[in-house]
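Proteins come first, then strands; the chains are lettered A, B, ... in the order of their sequence lines, and each starts at number 1. Computed from heavy atoms alone, side chains included, the values below leave out hydrogens, waters and symmetry copies.
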Protein chains: 2
Amino acid sequence: MKLSKRGEYGIKALIDLASRDTVLGAATVKEIAGHQKIPVKFLEQILLTLKNAGVLKSKPGAGGGYALAKPADQITLGQVVRLLDGPLAPIPCVSKTAYQPCVCPDENTCGLRLTMLDVRNAIADILDNTTLADVTQRMEQAQRQAARPARRSRPRSRRPAP
Amino acid sequence: MKLSKRGEYGIKALIDLASRDTVLGAATVKEIAGHQKIPVKFLEQILLTLKNAGVLKSKPGAGGGYALAKPADQITLGQVVRLLDGPLAPIPCVSKTAYQPCVCPDENTCGLRLTMLDVRNAIADILDNTTLADVTQRMEQAQRQAARPARRSRPRSRRPAP
DNA sequence: AAATTGTTGACTAAATCAATCGTGATTGTC
DNA sequence: GACAATCACGATTGATTTAGTCAACAATTT
């Protein structure tokens, strides 16, 4: 059930790009790699496939680099994970985008399939409804909460021990 | 985000065992492998680790085989997947059972982590609350529904074509 | 036009996962 | 007690994924 390094690095790079000032525009592979502790050459591969898929655009030459090809609220994590990591579904017979039949005699009564379908839907519900913009917004919110004293840890009245 | 073959085969084997008549008791590796189309030798490994973890018990020799070590409603898919496939969490820094710190400067404001934590919780909610008994029960229900004519496919009054 | 900076693509090495093979040890039956 | 069935274990092979390298190619700046 785990996300590959490819997917992890790809998302981190996209978040990095999305949380930059939009005016700054392009960032170089080296910058992102250094900032996010990602092996440079591996990141090149990843950004390249993201570019070929239309998620990123790049400008070669001096002063060039990578930038988002569309607004951050139009890029979902679901798209990205599927691109870099393959289908979200734990097993192919519950995938919507890369369905493959399995060997069981009847898919509609297969116990494994029924449960894994739930899992797939739960994952897809989250990732397909979370955009890069959502993520950066949530990060900023978390940073604001970290800055001011946390409300939850405020001491509250205690009951006397029984 | 995918389930390994090891996990898939393990769950299938357990479902197979759980849906047998409890009186029948043990089933042999060969039987299960044949029934579920699993390579015999691979299944041996899997059932062995399930036995060592206390999920299965085995009786060697003629007339022997594997059986559940405890009632089906006390075995959750979460346990099984973790045993055979490792932690449920997509990335180690959101795992409850196998937490590993990640490289990001602050885990509490890491965008990737925040989203993947949601995903982990969604997966765990399902798998840790689904027992083998739940699965077999659901299978029987699906079979009953498949047997009688489906209500949804009943022909209904059609509108005239425009 | 040359130098610099950066992308592109092909290729290789290491690690993990899936599956198989061979053999030993244990139990029940005749 | 001998035989057959079955689990137990270690080692090995092959495929896939991950990671990293090298050598070209493209555009911008001077």
List the atom pairs, with distances to 0.1 Å, where a side-chain N or O of residues 90-105 of chain B and a protein N or O form a donor-acceptor pair under 3.5 Å, not counting sequence neighbours.
residue : atom : partner  : partner atom : Å
B/Ser95 : OG   : B/Thr97  : N            : 3.3
B/Ser95 : OG   : B/Ala98  : N            : 2.8
B/Tyr99 : OH   : B/Glu107 : OE1          : 3.0
B/Tyr99 : OH   : B/Glu107 : OE2          : 2.9

Contacts table for residues 136-144 of chain A: side-chain donor-acceptor under 3.5 angstrom, sequence neighbours left out:
residue  : atom : partner  : partner atom : Å
A/Thr136 : OG1  : A/Leu132 : O            : 3.3
A/Thr136 : OG1  : A/Ala133 : O            : 2.9
A/Arg138 : NH1  : B/Asp118 : OD2          : 3.0
A/Arg138 : NH2  : B/Asp118 : OD2          : 3.4

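Annotation: ring-ring contact (aromatic ring centres under 6.0 Å, His included) contacts of B/Phe42 (sequence neighbours excluded): B/Tyr9. Contacts of B/Asp134 classified as side chain to side chain contact (heavy atoms under 4.5 Å, CB included), with partners at least two apart in sequence or in another chain: B/Thr130, B/Thr131. Residues that satisfy the side chain to side chain donor-acceptor pair (under 3.5 Å) test with B/Asp125, not counting sequence neighbours, are absent from this structure. Qualifying side chain to side chain donor-acceptor pair (under 3.5 Å) partners for A/Arg6, counting only residues two or more places apart in sequence or in other chains: none.
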Taking only nitrogen or oxygen atoms into account, show me every contact under 3.5 Å that the protein makes with nucleotides 7-9 of chain D, one pair per line with its distance.
residue : atom : partner : partner atom : Å
D/dC7   : OP1  : B/Val29 : N            : 3.2
D/dC7   : O3'  : B/Ser58 : OG           : 3.4
D/dA8   : OP1  : B/Lys51 : NZ           : 2.4
D/dA8   : OP1  : B/Ser58 : OG           : 3.2
D/dA8   : OP2  : B/Tyr66 : OH           : 2.4

Output one line per pair: protein atom, nucleotide atom from nucleotides 14-19 of chain C, and distance, for all N/O pairs under 3.5 Å.
residue : atom : partner : partner atom : Å
C/dA18  : OP1  : B/Lys5  : N            : 2.9
C/dA18  : OP2  : B/Arg6  : NH1          : 3.2

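One finds the CZ atom of A/Arg82 at 8.0 Å from the CG atom of A/Leu127 (value rounded to the nearest 0.5 Å).
A/Ile46 has its CD1 atom 11 Å from the P atom of D/dG20, to the nearest Å. D/dA5 atom P lies 14 Å from atom CD of B/Glu31, rounded to whole Å. Rounded to whole angstrom, the span from the CG atom of A/Leu43 across to the P atom of C/dG6 amounts to 14 Å.
Applying the salt bridge (Lys or Arg N to Asp or Glu O under 4.0 Å) test to residues at least two apart or on different chains, none of the pairs has a partner in residues 56-70 of chain B.
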